[in-house]
Amino acid sequence: MRVILVGFGVVGQSLAKLLLSRSADLYSQHGIKPRIVACVDNKGSAVAPAGLDLERLLKAKAKGGVGLYEKSERFEPQQVIENVEAEVVIECTPTDLLTGEPGTSHIISAMRTGKNVISINKGPLALAFPSLIELANYNGVMFRFSGTVGGGTPILEFAKRCLKGDRIVSFQGILNGTTNYILSKMEEGLTYESALADAKEKGYAEAKPELDTDGYDAAAKLVIMANWVMGMKVTMKDVARTGISGVSVADVKKAQSRGNAIKLIAACDSRRLEVKPTEVSKKDPICVNGTLNAVTFSSEHSGSQTIIGRGAGGMETASAVLRDLIEIRDTIFER
Ligand code: HSE
């Protein structure tokens with residue numbers, strides 16, 4: 001399967017490492033042999049129709065950018081997406097929740113040229129979910145985005161597939177790993193600033209960490225879930241959003257003394273989409289710590305179920321991309 005990788009940051013590089021370490025079992029267990037035929041980062045491009053040598057690609061990136069892979073002409077992402085032959089485009093450029101760019105243009109070009117798309121970029125989905133789904137259907141391509149919610153934890157699949165026969169009436173949970181890490185560390189006595197610095201260093205935070213701390217990232221994931229799981233047609237502007245910058249260590253300690261914790265809770269029901277710091281009982285299964293995410297779905301017939309797992313991290317999110325790749329391969333194979 002020929003793959004174009006657009007964006008080569010933490011997740012893109014983790015994916016390359018995962019492909020290197022898992023190549024044998026990906027083939028033996030899933031019959032999949034992904035070939036990265038092009039990779040573009042913010043400084044250059046590397047193209048090889050026979051497949052890029054991923055070790056060499058990672059070394060080039062460590063030295064300054066994928067453009068150092070070999071001496072060749074520099075291509076812009078759009079040129080690569082439109083002209084290089086491939087079955088799948090993986091969109092891993094940084095999330096921009098104001099414009100959705102450059103991710104949205106990349107996804108549109110890929111779909112228009114008949115390529116299946118995997119996005120871990122939340123911007124395009126948070127701002128234009130309904131139209132991107134329509135465009136994918138119109139062009140007869142698959143559009144997958146497991147890694148946009150929950151890192152490697154299959155929150156979207158759990159709701160969409162495992163609860164298929166039921167009707168989910170509402171859900172709520174922790175959708176942002178960075179803020180959960182900060183709030184958990186504040187409980188342990190760290191200041192807001194040092195906990196945030198720690199989260200940035202560990203690679204959990206967005207390129208612009210205000211996206212995490214001001215609740216935009218959780219709101220984007222809430223929008224993706226509301227569209228995909230609840231069938232709503234909503235975007236970022238439909239979410240009432242409050243971040244965690246107003247939460248003090250004193251607030252955290254006060255909640256703690258009551259057997260509770262302050263969590264950035266994202267909630268959706270038929271009336272509202274909301275992200276805000278909320279006091280939650282420590283006995284509630286969604287009250288998880290560190291970078292864990294947790295979502296409780298309330299269904300009409302089967303009651304409440306909670307899914308918990310790591311919500312951020314390069315390898316975790318890369319594993320979600322691999323899941324999407326396998327699913328695309330299986331669907332192509334079945335057709
Ligand atoms: N910055 C995000 C988080 C990364 O902390 O949850 C995963 O989407």
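Just so you know, ligand 1 is whichever comes first in the structure, and atom 1 is the first atom listed for that ligand. If you read the sequence from its start, that first residue is 1, and numbering goes on from there.
Looking at Glu274 and Arg241, no side-chain N of the basic residue comes within less than 4.0 Å of a carboxylate O on the acidic one, giving no salt bridge. Ion pairing between a basic and an acidic side chain is recognised when a charged N comes within 4.0 Å of a carboxylate O; Glu87 and Lys115 show no such pairing. Using a 4.0 Å cut-off between charged nitrogen and carboxylate oxygen, Asp41 and Lys61 count as a salt-bridge pair.
For Phe171 and Phe158, the ring centers sit 6.0 Å or farther from each other.
The shortest contact between atom 2 (C) of ligand 1 and any protein heavy atom is with Glu206 OE2, 3.2 Å. For atom 6 (O) of ligand 1, the closest non-hydrogen atom on the protein side is Gly177 N, 2.8 Å.
Contact annotation: for Thr178 versus ligand 1, heavy atoms closer than 4.0 Å belong to both the backbone and the side chain. Under 4.0 angstrom from ligand 1, there are no non-hydrogen atoms of Thr148.
A donor-acceptor pair under 3.5 Å is absent between the side-chain atoms of Asn289 and the main chain of Ser184, judged by distance alone. Side chain of Lys221 to backbone of Leu175: a donor-acceptor contact under 3.5 angstrom is found. Checked by atom type and distance alone, the side chain of Asn139 pairs as donor or acceptor with a backbone atom of Leu135 at under 3.5 Å.
For atom 7 (C) of ligand 1, the nearest non-hydrogen atom from the set Gly311, Ala205, Ala220, Gly313 comes from Gly311.
Those atoms of ligand 1 with a heavy atom of Lys221 less than 4.0 angstrom away are 2 (C), 3 (C), 6 (O), 7 (C), 8 (O). Listed by atom number, the atoms of ligand 1 under 4.0 Å from Asp212 heavy atoms are 1 (N), 2 (C), 3 (C), 5 (O). Close approach of ligand 1 to Asp217 is summarised as follows: ligand atoms under 4.0 Å from at least one heavy atom of the residue are 2 (C), 3 (C), 6 (O).
Residue-ligand proximity: Gly151 is placed with every non-hydrogen atom at 4.0 Å or more from ligand 1.
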